[in-house]
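To keep things clear, I will list the structure first and then write my remarks on it.
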Amino acid sequence: MKLLKNWNLPDLREAGKRTRGAVERVDTFMIPANAVNMGEGKHYWISTYGCQANERDSETLAGILETLGYGQAESPETADVILVNTCAIRENAMDKVLGELGSFKRIYNARPDVIIGVAGCMAQEDEFVKRVLAHYPWVRLLFGTHNIQDLPALLAEAMDSQERVVHIYSRQGEVYENLPVKRFGKHKAWVNIMYGCDKFCTYCIVPYTRGKQRSRRMDDILEEVRQLKEDGYREVTLLGQNVNAYGKDLDEGLDFARLLEKTAQTGIERIRFMTSHPWDFTQEMIDVIARYDNIMPYIHLPLQSGDSDVLRRMGRRYSAEEYKGLFDAIVKRIPNVAVSTDIIVGFPNESDEAFQHTLDMVKACRFDSAFTFIYSPRPGTPAAEMEDPVSMDVKRARLQELNSVWNELALEKMKAYEGRIVQVLVDGPSKRNPGVLSGYTETNKLVNFTGTGVKAGDIVPVYITAAKTFSLDGEMAGPTR
Ligand code: SAH
Ligand code: SF4
Ligand code: F3S
């Protein structure tokens with residue numbers, strides 16, 4: 001493979017380094033002269049994988065493209081620019097992305113002018129980039145999580161050049177303010193409060209793909225929330241890999257409890273936040289959540305494992321007992337709180353007994369819902385080097401058992417909603433049945449209901465008639481707000 005001199009290729013080893021140096025705040029987004037209006041009469045398509053951080057990044061990509069004049073395409077087939085915003089968290093994410101990239105070959109053959117680009121977390125991985133460069137010649141642009149703001153210049157370079165454009169940086173990262181954004185939702189918005197992660201859980205690729213933990217200034221965040229409220233948004237979700245560690249990297253003596261309280265005082269109707277790492281969860285945070293009605297009583301609190309030895313080897317910095325202590329403190333202080341979790345089964349050398357401890361914890365906590373995964377080794381992370389005699393069959397069986405245990409307990413929790421009235425923020429007609437409306441309760445339960453005179457963005461009291469594992473059915477029970 002020919003390596004061009006002006007390429008910047010990723011280096012995972014470099015990406016895992018951390019220094020104490022200050023983080024730069026950049027708010028000078030500019031479009032270079034050769035990119036102004038370059039999208040007039042043209043269209044873009046963005047395909048997004050992964051977490052909410054990526055969703056929010058895609059909103060920025062779309063915002064930048066629209067600033068250049070591009071409109072949204074109906075499908076990749078009619079797009080002039082196709083961007084795939086990738087996720088690297090587990091191996092199957094890579095397979096899906098490669099499958100999609102493969103399917104774009106046809107589009108390229110029919111229209112060789114199309115610019116097909118790959119961005120996001122997977123672009124930060126050396127091996128993935130090598131594979132794309134070697135086997136997917138129709139991918140003409142590769143950039144990473146640190147240089148989204150350079151999209152206008154990157155596109156201009158890709159259009160002018162016969163060569164492929166590859167600029168990926170493995171650095172700790174900056175904080176960019178005032179980038180264009182096209183929000184995909186009209187009533188619910190994502191608000192980044194921090195970027196990156198410094199926890200380095202031994203199985204996880206995120207600290208390498210997203211750089212050092214960088215908190216945004218509180219004033220910038222609050223300004224964004226106020227603006228959203230003014231624009232008619234009713235819900236914000238504060239985003240970060242570890243929202244509870246917010247502010248620890250700033251000199252301002254700030255913490256998440258204070259940010260949450262200040263956000264609540266903006267008066268925006270619903271505030272959510274994710275993800276909460278148990279390690280940094282303080283009693284003060286719990287008190288703030290309990291005190292403000294507009295902070296939703298829903299907490300995503302990843303457990304990962306219920307076994308203290310596995311947790312230690314995962315580098316999670318809490319024991320099973322400490323997790324349970326925190327869980328109990330939350331449930332005691334916040335009335336009607338819902339708690340969901342993430343669990344990994346089959347971490348290297350997880351014994352039957354260790355897995356049993358996870359099941360015990362799930363039974364003790366009775367989570368409202370759980371996202372469960374089979375451990376996927378990520379090259380370059382410490383866990384990928386650990387010996388693992390446990391077979392994939394055993395891991396699959398564990399996942400199945402875990403799912404049936406949490407499903408059954410979650411259904412019991414859902415049943416408790418039958419006969420109650422809940423407040424639902426309406427998303428619109430249900431995907432499956434256009435005659436039915438759907439939305440979410442304060443505790444983040446999906447509700448499908450019947451009603452009249454209701455539109456997306458309304459908050460409606462709904463009487464719950466029936467419960468399933470993943471959703472509730474109901475009927476409108478009063479006027480909308
Ligand atoms: N920052 C969040 C998690 C982000 S990743 C936190 O610390 O809680 C979302 C979830 O993916 C994790 O909670 C974990 O359960 C899962 N995950 C991460 N790396 C994984 C891996 N290598 N294999 C399987 N699951 C993984
Ligand atoms: Fe990954 Fe751990 Fe950071 Fe979450 S806290 S993003 S699991 S390293
Ligand atoms: Fe995936 Fe990157 Fe998010 S790896 S889960 S898109 S931070």
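Indexing begins at 1, ligand by ligand and atom by atom, following the structure's order. Counting begins at 1 with the first residue of the sequence. Since we're looking at a predicted model, the values are computed, not measured.
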- Query: Hey, looking at atom 4 (C) of ligand 1, which of Gln241, Gln52, Arg210 has the closest heavy atom?
  - Reply: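 Selected option, by shortest heavy-atom distance: Gln241.
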- Okay, side chain of Arg214, backbone of Gln172: is any donor-acceptor separation there less than 3.5 Å? yes
- Task: Output, by chain and residue number, all protein N/O/S atoms separated from atom 3 (Fe) of ligand 3 by less than 2.8 Å.
- Result: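 Within the sphere that stays under 2.8 Å of atom 3 (Fe) of ligand 3, the protein atoms of type N, O or S are Cys51 SG.
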Of the protein's non-hydrogen atoms, which lies at the shortest distance from [atom], and what is that distance?
atom	result
atom 23 (N) of ligand 1	Ser376 N, 2.9 Å
atom 16 (C) of ligand 1	Arg90 NH1, 3.3 Å
atom 5 (S) of ligand 1	Ile89 CD1, 3.5 Å
atom 19 (N) of ligand 1	Tyr203 CD1, 3.3 Å
atom 15 (O) of ligand 1	Gln304 OE1, 2.7 Å
atom 8 (O) of ligand 1	Pro302 CG, 2.9 Å

- Item | Candidate list Arg13, Arg131, Arg378, test salt bridge (charged side-chain N to carboxylate O under 4.0 Å, His left out), partner Glu125, passing option |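 Considering Arg13, Arg131, Arg378, a salt bridge (charged side-chain N to carboxylate O under 4.0 Å, His left out) with Glu125 is found only for Arg378.
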- Can you list the atoms of ligand 1 that are under 4.0 Å from a heavy atom of Arg378? 22 (N)
- Item | Those atoms of ligand 1 less than 4.0 Å from some heavy atom in Tyr375 | 23 (N), 24 (C)
Between the side chains of [X] and [Y], does any donor sit under 3.5 Å from an acceptor?
X	Y	value
Gln356	Asp352	no
Ser438	Asp427	no
Thr48	Asn54	no

- Query: Taking the non-hydrogen atoms of Ile374, is any one of them nearer than 4.0 angstrom to ligand 1?
  - Reply: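 For ligand 1, residue contact (heavy atoms, under 4.0 Å) with Ile374 is present.
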- Are Arg316 and ligand 1 in contact, using a heavy-atom cut-off of under 4.0 Å?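 Heavy atoms of Arg316 do come under 4.0 Å of ligand 1.
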- List every atom of ligand 3 that sits less than 4.0 Å from any heavy atom of Gln241, numbering the atoms from 1 in the order shown and giving each element. 7 (S)
- By salt bridge (Lys or Arg N to Asp or Glu O under 4.0 Å) - contacts of Asp231 (at least two apart):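 Checked Asp231 against salt bridge (Lys or Arg N to Asp or Glu O under 4.0 Å); zero matches.
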- Query: Checking side chain to side chain contact (heavy atoms under 4.5 Å, CB included) against Phe273, which of Leu259, Val191, Ile289 comes through?
  - Reply: Ile289
- Query: In terms of ring plane angle, is the pair His167 and Tyr169 parallel, tilted or perpendicular, where the classes change at 30° and 60°?
  - Reply: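 Because their plane-to-plane angle is under 30°, the rings of His167 and Tyr169 count as parallel.
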- Decide yes or no on salt bridge (Lys or Arg N to Asp or Glu O under 4.0 Å) for Arg217 and Glu177, but give the supporting numbers first. CA-CA 10 Å; Arg217 285 193 203 159; Glu177 294 296 343; over 6 Å; no
Is [X] salt-bridged to [Y], going by a charged N under 4.0 Å from an acidic O?
X	Y	value
Lys248	Asp280	yes
Lys395	Glu350	no
Lys130	Glu127	yes
Arg258	Asp255	no
Glu235	Arg183	no

- Query: Does the side chain of Arg270 reach to within under 4.5 Å of the side chain of Lys188, using non-hydrogen atoms?
  - Reply: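 Heavy-atom side-chain distance check fails, nothing below 4.5 Å.
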- Item | ligand 1 to Asp342 polar contact by distance, N or O atoms, under 3.5 Å |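 Yes, since at least one N or O of Asp342 sits under 3.5 Å from an N or O of ligand 1.
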- Task: Name all residues meeting the ring pair (Phe, Tyr, Trp, His ring centres under 6.0 Å) criterion together with Tyr108; count only those two or more places apart in sequence or in a different chain, and write none if there are none.
- Result: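 By the ring pair (Phe, Tyr, Trp, His ring centres under 6.0 Å) rule, Tyr108 matches no residue at all.
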- Message: Just to be sure I understand the cut-off, which residues have at least one non-hydrogen atom under 4.0 angstrom from an atom of ligand 2?
- Response: Cys197, Lys199, Phe200, Cys201, Tyr203, Cys204, Val206, Pro207, Gln241, Asn242, His277, Arg316
